[in-house]
Amino acid sequence: MKKTILPLLLFFGFLSSSNAQVLKKIIELETNTSRYKSDVEIPDTIVYNFKSNKLLSSLKTGGSLKKYAYNDKGLLSKISESQTKYPDSGESIEEFEYDSNGFLVGTSYYRAKNGVKTEGASTSGMKFEYQIKNDNEFTITGNGTGTNSIIQKLYVMKNNVLTVTMNVGKIKTISVYNFKDGNVISANINKNTRENHTLLYTYDATQTLNETIFKNLFGEKYFYALLCSPPEITLNNSPQFSKNIMKSSALEKQIKVEIGINTDNVKIDYNSNNFPVKSVNTEMVTAGSDVSPRSLIEQTYFYE
């Protein structure tokens, strides 16, 4: 496995953590606004709790509780998820493994009870290897297993273009991301050649909280960790590894099968230090010529 330690603060233009405010809590509300829904719904709520910018827990409506643990180097080592309504049902565990340079090299998933793997429970996961020439030219290969499937992943970055090839069993997906100034400006998704669509992204001039949040999860190499094994954390609008706050995503084209594609229109409020205090994302679903409401996602940010 060939690695080169990357020079910091170059291609992705990360925000200096010394200038970041200290996060205390983020509350996310998602309301189903589909035109096909006639009943009144209580918004899904996720509360993310931090301490010294470290994500400690997230609690979702319905009783899904996640706890985040860290190793002696301060890197995310384990996510445990349990259902508070059913405390005897055990936990879903995801563990993270790093090499001596801080690169994420392995993940594993299994069921447990009181932190101990359930007898007879299967384990799935991934192993990753890196070949890095510089911060804009690298290859990552991943191999592992999922639920009854062999998984293969290949990430190739060159000249501001990231190509991700993923094989899950017999399903193959090729995604091509075009970067400019550290942001993804377009993404083409091709799934088994039957589904093909391209999204275009716009950003404001403000840097996201992703550096603060994800660097405190995965360390200096968080960009690669987000590529290899992105956690189910929707603290900021996707793509997670873009350096600025996304204002919108729009469907440029869709061919083959007209599946529903979520698009975004985001409004951000900032405090006097130019950090977000509230974002409102109006999500739409686009399928061919049909555009309909999907959800309204509100996130409120609290600082110490």
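Counting non-hydrogen atoms of neighbouring residues, nucleotides and ligands closer than 6.0 angstrom, the CG atom of Asn148 reaches no more than 12 such neighbours.
In terms of modelled atom types and a separation under 3.5 Å, the side chain of Thr33 and the main chain of Ser295 share a donor-acceptor contact. Between the side chain of Asn210 and the backbone N or O of Gln240, at least one donor-acceptor pair lies under 3.5 Å. Looking only at distances, no side-chain donor or acceptor of Thr45 sits under 3.5 Å from a matching main-chain atom of Thr61. For Asn183 (side chain) and Asn244 (main-chain N/O), a donor-acceptor pair under 3.5 Å exists by modelled atom type. Under a 3.5 Å cut-off, the side chain of Asn216 and the backbone N or O of Lys54 do not form any donor-acceptor pair. Looking only at distances, no side-chain donor or acceptor of Asn167 sits under 3.5 Å from a matching main-chain atom of Lys172. Looking at Asp264, its side chain never comes within 3.5 Å of a backbone N or O of Val266 through a donor-acceptor pair. Side chain of Asp204 to backbone of Thr206: a donor-acceptor contact under 3.5 angstrom is found. When atom types are taken as modelled, the side chain of Ser77 and the backbone of Ala69 share a donor-acceptor pair closer than 3.5 angstrom. Side-chain atoms of Ser242 come within 3.5 Å of backbone N or O of Val184 as a donor-acceptor pair.
Leu162 is listed as a side-chain neighbour of Tyr155, based on a closest heavy-atom distance under 4.5 Å. Looking at Phe214 and Leu217, their side chains come closer than 4.5 Å, going by heavy atoms from C-beta outward. Two residues are said to be in side-chain contact when any heavy atoms from C-beta on lie closer than 4.5 Å; Ser64 and Gln83 meet this criterion. Residues Ser229 and Phe96 have side chains in contact (heavy-atom distance under 4.5 Å, counting atoms from C-beta outward). Proximity of Tyr270 to Ile245: side-chain heavy atoms (C-beta onward) are separated by under 4.5 Å at one or more points. Contact check for Lys180 versus Asn160: no side-chain heavy atoms found under the 4.5 Å cut-off.
Ile174 and Leu251 are members of different hydrophobic clusters when ILVMFWY side chains are connected at heavy-atom separations under 4.5 Å. Both Met126 and Val168 are part of a single hydrophobic cluster, where members link through side-chain heavy atoms under 4.5 Å apart. Residues Ile79 and Leu59 do not share a hydrophobic cluster, defined by chaining ILVMFWY side chains whose heavy atoms lie under 4.5 Å apart. Under the 4.5 Å side-chain heavy-atom criterion for ILVMFWY residues, a single connected hydrophobic cluster contains both Ile213 and Tyr203. Hydrophobic clustering places Tyr68 together with Tyr222 (ILVMFWY residues linked when any side-chain heavy atoms are closer than 4.5 Å, directly or through intermediates).
Separating the OH atom in Tyr301 from the CZ atom in Phe50 is a distance of 9.5 Å, to the nearest 0.5 Å. Note that CG of Leu209 is 4.5 Å distant from OH of Tyr303, once rounded to the nearest 0.5 Å.
In summary, Arg294 and Glu30 engage in a salt bridge, as defined by a charged side-chain N under 4.0 Å from a carboxylate O. Ion pair Glu220/Lys215 flagged as a salt bridge, since at least one NZ, NE, NH1 or NH2 atom sits closer than 4.0 Å to an Asp/Glu carboxylate oxygen. Under a 4.0 Å N-O distance rule, the pair Glu97/Lys127 qualifies as a salt bridge.
Counted by atom type alone, Ser248 and Asn265 present zero donor-acceptor pairs between their side chains at under 3.5 Å. In this model, a donor atom of one side chain and an acceptor atom of the other lie less than 3.5 Å apart for Asn178 and Ser186. The closest side-chain donor-acceptor pair between Glu94 and Thr107, if any, does not fall under 3.5 angstrom.
Scanning both residues, Gln254 and Ala287, for their nearest heavy atoms gives OE1-CA, 3.8 Å. Across Leu55 and Asn49, no two heavy atoms sit closer than the pair CD1-O, 3.5 Å.
The aromatic rings of Tyr224 and Phe103 are tilted relative to each other, their planes meeting at an angle between 30° and 60°. Ring geometry for Phe218 versus Tyr98: interplanar angle of 30 to 60°, hence tilted.
Applying the salt bridge (Lys or Arg N to Asp or Glu O under 4.0 Å) test to residues at least two apart or on different chains, the pairs with a partner in residues 60-75 are Lys66-Glu232.
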Candidate pair Glu28 and Tyr48, rule side-chain hydrogen bond (donor to acceptor under 3.5 Å, both in side chains), full reasoning: CA-CA 8 Å; Glu28 176 181 303; Tyr48 299 92; 4.5 Å; no
Stepwise side chain to side chain contact (heavy atoms under 4.5 Å, CB included) test for Tyr177 and Leu227: CA-CA 12 Å; Tyr177 300 89; Leu227 290 181; over 6 Å; no
